[in-house]
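Only one structure is covered here, and it is reproduced in the block below.
Quick note: residue numbers are just sequence positions, from 1. Just so it is clear, the structure is predicted and the values come from calculations on it, not from any experiment.
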Amino acid sequence: MIKVGDTLPAATLMEFSEVEGNGCSIGPNPVDVTKATAGKTIALFALPGAFTPTCSAKHVPGYVEKFSELQAAGVDEIWCVSVNDAFVMGAWARDQKTGSKVRMLADGSAAFANATGLTLDLTAKGMGVRSNRYSMLVKDGKVATLNIEGPGKFEVSDATTLLAQAKA
């Protein structure tokens, strides 16, 4: 399992873009994790699935709300990663009104989740292998802080916790 001090795994996430601009074509676009984190501070949070109750009611809204404070604390980008396809993540971004505040990144085949060792097996609930709920502060591709939730919990991966860590 990934830990503080480790480099994020080399992986490609997918991001849906509805508006063409700045060289981004419309539709799903690959995001090379290594290149996208180079020289940046990223507030990354991951969760089991788009449109799920806790994720939609608390997790994503908290990061949207704390966007300005996280930026003031030195965070360049906020990433939400979930084992869903880019089209679902795009629809969820519209629903959650994340705009340019939170990048909604799809880990469709759970390759990133598996590479970090932060998976959650929800096969018995008909959801297959998903990402565990966690947050991390990533600096230049390395994990600076890591907050992993216990089963069924939402206590340490919230935006307020990560904001305090970014300010420290």
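Remark: aromatic rings of Tyr63 and Phe45 are close, center separation under 6.0 Å.
In this structure, the separation between OG1 on Thr12 and NZ on Lys35 is 9.0 Å, given to the nearest 0.5 Å. The structure places CE of Met104 at 9.0 Å from CG of Asp95, a figure rounded to the nearest 0.5 Å. Between Glu69 atom CD and Lys167 atom NZ the span is 5.5 Å, to the nearest 0.5 Å. A distance of 9.0 Å separates CG in Leu137 from CG in Asn147, rounded to the nearest 0.5 Å. Going from atom CG of Leu47 over to atom SG of Cys80 covers 4.0 Å, rounded to the nearest 0.5 Å. Expressed to the nearest 0.5 Å, how far CG of Leu122 lies from CE of Met127 amounts to 5.5 Å.
Transitive grouping of hydrophobic side chains (ILVMFWY, heavy atoms separated by less than 4.5 Å) brings Tyr134 and Val138 into a common cluster. Residue Val102 is grouped with residue Leu163 when hydrophobic side chains (ILVMFWY) are merged at heavy-atom distances under 4.5 angstrom, including chains of intermediate members. By the criterion of side-chain heavy atoms lying less than 4.5 angstrom apart, applied directly or through intervening Ile, Leu, Val, Met, Phe, Trp or Tyr residues, Phe87 is not grouped with Leu105; the two fall into different hydrophobic clusters. Linking Ile, Leu, Val, Met, Phe, Trp and Tyr residues whenever their side-chain heavy atoms come within less than 4.5 Å places Val60 and Met89 in a single cluster. In terms of hydrophobic clustering, with Ile, Leu, Val, Met, Phe, Trp and Tyr side chains grouped at heavy-atom distances under 4.5 Å, Val81 and Met1 are assigned to a common cluster.
Using a 4.5 Å cut-off on side-chain heavy atoms (C-beta onward), Leu44 and Ser135 make no contact. Counting heavy atoms from C-beta on, the side chains of Trp79 and Glu77 come closer than 4.5 Å. Proximity of Thr160 to Lys66: side-chain heavy atoms (C-beta onward) are separated by under 4.5 Å at one or more points. Side chains of Thr98 and Lys101 form no contact here, defined as non-hydrogen atoms less than 4.5 Å apart. Side-chain contact between Val75 and Ile42 is absent, with no heavy atoms from C-beta onward closer than 4.5 Å. Annotation: side chain of Asn132 is in contact with side chain of Ile148 (closest heavy-atom distance under 4.5 Å). Between Lys58 and Phe154, some side-chain heavy-atom pair lies under the 4.5 Å cut-off.
For the pair Asp76 (side chain) and Thr41 (backbone), a donor-acceptor distance under 3.5 Å is present. Using modelled atom types, one side-chain atom of Glu149 and one backbone atom of Glu155 make a donor-acceptor pair closer than 3.5 Å. Asp140 places a side-chain N or O within 3.5 Å of a backbone atom of Gly39 that can act as its donor or acceptor partner. Side chain of Asp107 to main chain of Ser82: no donor-acceptor pair is present (N/O by atom type, distance under 3.5 Å, no hydrogens or angles). The backbone N or O of Leu118 lies less than 3.5 Å from a partner atom in the side chain of Thr116, making a donor-acceptor pair. Between the side chain of His59 and the main chain of Arg133, no donor-acceptor pair closer than 3.5 Å is present. With hydrogens and angles disregarded, a donor-acceptor distance shorter than 3.5 Å links the side chain of Arg130 to the backbone of Val83.
Of all the heavy atoms in Ala159 and Gly62, the pair that sits closest is CB-O, 3.4 Å. Closest approach of Val129 and Thr123 over heavy atoms only: N-OG1, 4.4 Å. Summarising the geometry of Leu146 relative to Ile2, their closest heavy-atom pair is CD2-O, 3.4 Å, with the distance given to 0.1 Å. The two residues Lys142 and Gly5 have their closest heavy-atom pair at CD-O, 4.1 Å. Of all heavy-atom pairs between Pro61 and Ser56, the closest is CG-O, 3.2 Å. Nearest heavy atoms, Met14 versus Pro30: SD-CA, 3.6 Å.
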For Met136 and Leu8, run side chain to side chain contact (heavy atoms under 4.5 Å, CB included): C-alpha distance rounded to whole Å, both residues' side-chain angles, the deciding distance at 0.1 Å, then the answer. CA-CA 11 Å; Met136 62 172 69; Leu8 288 182; 3.6 Å; yes
List the steps, then state whether side chain to side chain contact (heavy atoms under 4.5 Å, CB included) holds for Phe112 with Val33. CA-CA 9 Å; Phe112 184 76; Val33 170; 4.2 Å; yes
